[in-house]
**Student:** 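I have a structure here, written as structure tokens, and I will follow up with some questions on it.
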Amino acid sequence: MRQYPFIISATLVQELVTEGLIQYGRGDPKVRFPVPLHFFDELDIFYNFRLQDLMGLSSSGAGEQGRYYYIESLDYDFMGDKINVVGIDLQYILRRYFILGDETVLASNWSSAGEPDRMFGYLCDEDILRFADGEPGKALVNEGLLEDY
Amino acid sequence: MTVPNKIYNLSLSSSYYIIGAQYTGGSLIQYQSEFSVNDISLDSGLDQMVRAEIAYTASYFGRSMVPDLDHMHLNWGILPDLSHSYGLIEVAAGASSSGTMHLRSWQTGVGTWLNAKQNSLISNGLYMVCCNYDPDAPDAEGEWAYWAGKMLSLKVYFLNPVVNNINRLWAPTAGGVAVVLTGLGFNNTDSELETGGPAQPGGWNDEVDTIEFIGLQGQGTTSITRGAGDFTVDSNSQITIPANKFPSLSAGTYYINLKKINVALDDLTTISGYAGDWACDSDGKVFASTRITFFISDTHVDRPFRTRKAPVILSDWYLKDRSDGSEVMRYYSMDTVRCPDRVYKGNLSTISSIPRGFDNRTGLFKVSDLTLDLANNDLEFSKLLAGTTILKNQLVKLYQVYPDEPFGWRSHIISLIIDDYYFEDEIFKVKMKDITQKYFRVSVPREICTEDEYPNIHPDSIGAFIPEVLGLCSLTTGEFRGQIEALCIDTATFKYVAANGALKAIDQVYADDPVAVDTADYTVTVESDGRTYITFTEDQGDKKVTYNGKGYVYAGLNSDNGYVQNPAYILLYFLLVILNIPPTLIDFESFVSAATIFDNMGEDEAGKLILQDEQDPMDVTQDLMAGTKCYPRKDGRLALGKKDMSNYSTNNGETVPVIFRQLDVVDRFERKYNMRDAISLINAEFDYVPTWDLFKSNVSDQADVTIDPWVFIPVEDNLVARTPIRRGGGRRSTRPWAR
């Protein structure tokens with residue numbers, strides 16, 4: 001039983017419960033790794049970072065290309081000249097939404113979109129599930145294709 | 001846009017805050033309340049006040065002269081000369097009022113009023129007084145009229161410019177680079193300086209006129225001026241020095257000083273502020289920051305951080321001399337390091353790793369202890385301990401700096417206090433702890449009822465905790481009603497203490513009965529000790545008296561309803577006021593950001609707090625999180641954050657760093673999924689009523705199947721893994737009369 005003794009809003013509690021289910025529905029994904037001490041100024045508790053990892057999970061086999069994490073803890077090892085980082089997968093925030101976004105503000109197509117733009121719902125070709133430049137993407141459901149998959 | 005400002009608490013200088021007047025001995029005697037301003041001083045770069053706002057409440061009015069006097073007026077001003085601030089607030093008999101009173105910036109025939117009186121304000125404080133009695137003042141022997149009027153806080157606006165940031169921190173000796181300063185107060189809007197008062201004819205002329213580059217190694221001072229077209233004040237928050245105007249400067253480091261010349265003030269016309277001394281948030285609230293060092297060099301280049309050399313660790317020790325209490329500074333590093341104004345001795349030999357972070361599940365911060373090894377071969381510490389120097393509980397700050405960069409660019413690693421120390425052979429070992437921990441080594445609530453304070457106290461109330469109440473607390477249905485329990489402290493006058501502070505309101509009162517007590521049968525007062533009391537007209541005997549109400553008022557943190565309700569601000573109030581953590585250890589800006597997120601969610605009235613049984617502050621902090629995380633910054637300040645779509649792709653406006661696993665990770669890389677912690681269903685209770693040990697309501701949510709169904713699926717969230725629920729009717733309470 002989760003308890004929020006000092007919240008009086010049912011909608012806020014429902015929001016927190018839903019957030020908890022989404023964040024922990026598939027475990028509690030974290031990454032742990034050391035980086036050189038030179039990262040001192042760039043990393044702090046609760047800061048976001050993006051991870052490029054060829055071995056990261058990706059249906060296309062492309063690895064993680066700048067997946068967002070945020071920092072749960074930092075362990076400064078001055079003798080070892082490194083910082084041990086524990087990062088929490090931030091994808092739980094992004095996968096809650098499929099937002100088409102403001103088309104007057106966002107870049108008009110995928111290839112010219114910046115990374116923040118790409119968090120919005122650019123739709124690719126629903127037949128081949130790829131954008132014009134060959135990158136994989138999301139399409140609105142194509143029932144016929146889903147059966148094939 | 002706004003004007004740089006700062007909020008100060010006020011406290012009563014006298015022991016009561018009844019204000020009023022009495023006709024006695026043939027003349028009208030006026031009584032006034034006097035308030036001192038806490039923690040106020042004129043600091044470098046924040047030393048020119050322009051106007052101020054006082055948050056006040058006036059809640060009680062009595063008179064002996066019905067119906068002669070129907071209205072009274074409040075007036076206020078700065079002590080000691082009783083020259084008021086040219087404003088009146090009318091309060092009718094029997095009514096209450098709260099809001100904002102202004103200390104004017106300018107007044108006809110007087111000039112720049114507050115600025116001229118700022119020294120008196122700091123030295124003597126404020127007063128509140130009745131005047132303009134309507135229709136008649138007490139004018140017969142023995143006639144009197146009074147009410148309880150209280151000043152809550154003072155918000156002061158300053159004319160000094162505040163620089164938050166500079167787009168670059170170095171330039172070549174030839175100059176020729178564009179520099180942009182961002183901050184606030186570079187050219188305030190006159191009408192914002194004059195809120196609550198008349199406009200100053202001719203305006204204030206408070207635009208930044210001169211920027212000085214002050215050399216720190218004897219290079220002298222170089223000035224550029226707006227009049228010569230060297231820079232433009234683009235807005236109240238931005239100044240641009242174009243590339244072709246940035247001056248040629250000798251190599252070295254510089255401070256940057258912004259000056260306003262010929263400002264329209266009565267006594268002083270030049271106002272200045274060093275870049276970085278103060279910073280401010282989007283509301284203009286200033287906080288102490290670090291003076292910015294600008295670097296002029298032809299050899300320095302903006303190299304990627306990956307190519308920097310190994311950093312140097314520096315430690316500043318703020319020790320104390322027990323003979324006279326004076327500060328004793330010591331500086332140690334791993335090698336002897338010469339810096340502009342100090343030498344770091346090379347005694348430091350080993351530093352244990354410093355883990356810093358928060359628990360993502362509970363949201364609570366965690367900082368582990370740190371051990372430093374210092375070489376005592378030169379008997380440095382043998383001599384230190386033999387003298388009068390105190391080490392225990394003294395502050396140590398750790399920094400790192402890169403060898404080819406200015407000392408002023410050093411980065412704060414962590415601040416700790418010395419917990420213990422000992423010698424091991426020729427090594428002096430020092431154990432240190434997180435600086436904020438000591439503030440959590442108390443229990444809350446902090447105040448109890450005693451017989452000394454309340455001689456007629458009910459025996460059941462002796463030793464009971466006086467409630468702390470924030471937010472909307474309401475329970476008006478069911479068998480048990482009233483969220484908070486009031487404590488009988490005077491059996492002779494049937495008086496109960498409701499809260500340790502001034503409540504916004506008490507909505508219903510119950511006395512062992514689901515039907516609320518008639519409002520004619522009790523009165524609610526906020527008295528000179530700052531507490532809220534309920535006084536009945538009849539004896540309630542041994543009945544359990546409970547009530548619903550609206551919690552404390554705190555200017556700057558209030559919701560639109562006029563009292564503190566935002567979950568982020570309730571936590572801030574708890575840390576700042578109830579735990580009494582110094583403001584210098586709290587990152588206010590982060591709390592404001594978190595509060596804005598709740599605001600944007602439409603949940604800015606969703607928080608509350610009732611403390612009436614003994615609790616561990618860490619438990620309370622956890623309970624107040626509401627999905628936020630509390631974490632320690634590098635400089636030791638506690639910050640609050642909440643991740644959402646508004647902040648996932650930046651770090652306080654800065655670009656998110658990219659870490660390349662194959663390039664940057666220097667050892668084993670782990671990716672864990674912690675499937676043991678997977679959750680499919682969460683049941684949650686909320687809005688706890690400590691008086692009756694019950695949660696008012698609950699919600700539940702279930703996710704789609706997230707893992708294979710033949711594998712064990714936890715069906716209940718186990719996130720709140722802590723001591724058994726303390727809701728057991730004051731099980732942890734030390735109250736002898738625990739339910």
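Chain letters run A, B, ... following the sequence lines, proteins first and then strands; every chain starts at 1. Since the model is a prediction, treat every value here as computed from it, not as a measurement.
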**Student:** Which value, rounded to the nearest 0.5 Å, describes the distance between B:Leu681 atom CG and A:Leu21 atom CG?
**Tutor:** 7.5 Å

**Student:** Out of A:Gly87, A:Gly27, A:Ser73, A:Ala10, which one racks up the most heavy-atom pairs below 4.5 Å with chain B?
**Tutor:** A:Gly27

**Student:** Need one label for B:Asn647: side chain, backbone, both or neither, based on atoms under 4.5 Å from any heavy atom in chain A.
**Tutor:** backbone

**Student:** Find the one option among A:Val17, A:Ile83, A:Leu54 whose heavy-atom pairs under 4.5 Å with chain B are most numerous.
**Tutor:** A:Val17

**Student:** Is the centre of the B:Phe358 ring less than 6.0 Å from the centre of the A:Phe46 ring?
**Tutor:** yes

**Student:** Pairing donors with acceptors under 3.5 angstrom, does anything connect the side chains of B:Asn360 and A:Tyr24?
**Tutor:** yes

**Student:** With only heavy atoms counted, which part of A:Phe78 is less than 4.5 Å from chain B, the side chain, the backbone, both or neither?
**Tutor:** side chain

**Student:** Where does A:Lys82 contact chain B at under 4.5 Å (heavy atoms): side chain, backbone, both or neither?
**Tutor:** side chain

**Student:** Check whether B:Glu603 reaches the backbone of A:Leu12 with its side chain - one donor and one acceptor, N or O, closer than 3.5 Å.
**Tutor:** yes

**Student:** Give the intermediate values and the outcome of side-chain contact (heavy atoms from CB on, under 4.5 Å) for residues B:Arg356 and A:Ile45.
**Tutor:** CA-CA 8 Å; B:Arg356 203 164 54 83; A:Ile45 308 299; 3.4 Å; yes

**Student:** Need one label for B:Met625: side chain, backbone, both or neither, based on atoms under 4.5 Å from any heavy atom in chain A.
**Tutor:** neither

**Student:** If you count heavy-atom pairs under 4.5 Å with chain B, which of A:Ile88, A:Val86, A:Asp77, A:Asp81 comes out on top?
**Tutor:** A:Ile88

**Student:** So which residue, B:Gly641, B:Gly627, B:Gly607, B:Pro632, ends up with the most heavy-atom pairs under 4.5 Å with chain A?
**Tutor:** B:Gly641

**Student:** To the nearest 0.5 Å, how far apart are CD in A:Gln3 and CG in B:Asp687?
**Tutor:** 13.0 Å

**Student:** Looking at A:Asn48, is its backbone amide N or carbonyl O close enough to the side chain of B:Asn651 to form a donor-acceptor pair, meaning the two atoms are under 3.5 Å apart?
**Tutor:** yes

**Student:** Can you tell if the side chain of A:Gln52 reaches within under 4.5 Å of the side chain of B:Ile659, non-hydrogen atoms only?
**Tutor:** no

**Student:** As an exercise: rank B:Cys473, B:Gly602, B:Ser474, B:Ala606 by heavy-atom pairs under 4.5 Å with chain A and give me the winner.
**Tutor:** B:Ala606

**Student:** Pick from B:Lys642, B:Lys696, B:Gln565, B:Arg633: which one has the most heavy-atom pairs with chain A under 4.5 Å?
**Tutor:** B:Lys642

**Student:** Between B:Asn698, B:Asp667, B:Val689, B:Leu472, which shows the greatest number of heavy-atom pairs under 4.5 Å with chain A?
**Tutor:** B:Asp667

**Student:** Check the pair B:Val620 / A:Phe6 against side-chain contact (heavy atoms from CB on, under 4.5 Å), numbers first and verdict last.
**Tutor:** CA-CA 9 Å; B:Val620 177; A:Phe6 301 135; 4.2 Å; yes

**Student:** At a heavy-atom separation under 4.5 Å, does B:Thr350 approach chain A through its side chain, its backbone, both, or neither?
**Tutor:** both

**Student:** Most heavy-atom pairs under 4.5 angstrom with chain B, which of A:Asp53, A:Val35, A:Asn84?
**Tutor:** A:Asp53

**Student:** Looking only at heavy atoms and a cut-off of under 4.5 Å, which of B:Ile354, B:Leu624, B:Val656, B:Asn674 has the most pairs with chain A?
**Tutor:** B:Ile354

**Student:** Taking the side chain as everything from C-beta on, heavy atoms only, tell me whether B:Pro311 gets closer than 4.5 Å to A:Phe40.
**Tutor:** no

**Student:** Could you grab the distance from atom OG of B:Ser349 to atom CE of A:Met79, nearest 0.5 Å is fine?
**Tutor:** 7.5 Å

**Student:** Does any heavy atom of chain B fall under 4.5 Å from the side chain of A:Ile7, the backbone, both, or neither of them?
**Tutor:** both

**Student:** Contact between A:Pro34 and B:Val665 at the side-chain level, heavy atoms closer than 4.5 Å - yes or no?
**Tutor:** yes

**Student:** With a 4.5 angstrom heavy-atom cut-off, is it the side chain or the backbone of B:Phe365 that approaches chain A, or both, or neither?
**Tutor:** neither

**Student:** Side chains of A:Asp75 and B:Ser353: donor-acceptor distance under 3.5 Å anywhere?
**Tutor:** yes

**Student:** May I ask you to check whether B:Phe686 and A:Tyr4 place their ring centers less than 6.0 Å from one another?
**Tutor:** no

**Student:** Go through it in stages, so that I can follow the logic: the residues are A:Tyr70 and B:Lys629, the test is side-chain contact (heavy atoms from CB on, under 4.5 Å), and I'd like the CA-CA distance, side-chain angles, deciding distance and then a yes or no.
**Tutor:** CA-CA 12 Å; A:Tyr70 69 105; B:Lys629 319 291 179 192; 4.2 Å; yes

**Student:** With chain A, which of B:Thr650, B:Val666, B:Ile414 has the greatest number of heavy-atom pairs at distances under 4.5 Å?
**Tutor:** B:Val666

**Student:** Under a 4.5 Å cut-off applied to non-hydrogen side-chain atoms, are A:Glu19 and B:Lys643 in contact?
**Tutor:** no

**Student:** Could you please spell out the steps behind the salt bridge (Lys or Arg N to Asp or Glu O under 4.0 Å) verdict for B:Lys672 and A:Asp28?
**Tutor:** CA-CA 8 Å; B:Lys672 293 191 172 182; A:Asp28 187 9; over 6 Å; no

**Student:** What part of A:Leu51 gets within 4.5 angstrom of chain B, counting heavy atoms only: side chain, backbone, both, or neither?
**Tutor:** both

**Student:** Which one wins on heavy-atom pair count under 4.5 Å against chain B: A:Lys30, A:Met55, A:Glu72?
**Tutor:** A:Glu72

**Student:** B:Ser700 versus chain A, heavy atoms under 4.5 Å apart: side chain, backbone, both or neither?
**Tutor:** backbone

**Student:** Judged by modelled atom types alone, do A:Ser9 and B:Glu605 share a side-chain donor-acceptor pair under 3.5 Å?
**Tutor:** no

**Student:** For the CG atom of B:Asp664 and the CZ atom of A:Phe49, what is their distance to the nearest 0.5 Å?
**Tutor:** 11.0 Å

**Student:** In Å and rounded to the nearest 0.5 Å, what is the CZ to CD distance from A:Phe33 to B:Glu670?
**Tutor:** 11.5 Å

**Student:** Between A:Gln23 and B:Ile679, is a side-chain contact (heavy atoms from CB on, under 4.5 Å) present by the stated rule, with each step listed?
**Tutor:** CA-CA 9 Å; A:Gln23 183 171 8; B:Ile679 296 168; over 6 Å; no

**Student:** May I ask you to test the B:Glu685-A:Arg2 pair for a side-chain heavy-atom distance under 4.5 Å?
**Tutor:** no

**Student:** Rounded to the nearest 0.5 Å, what separates atom CG in A:Leu37 from atom CD1 in B:Ile313?
**Tutor:** 6.0 Å

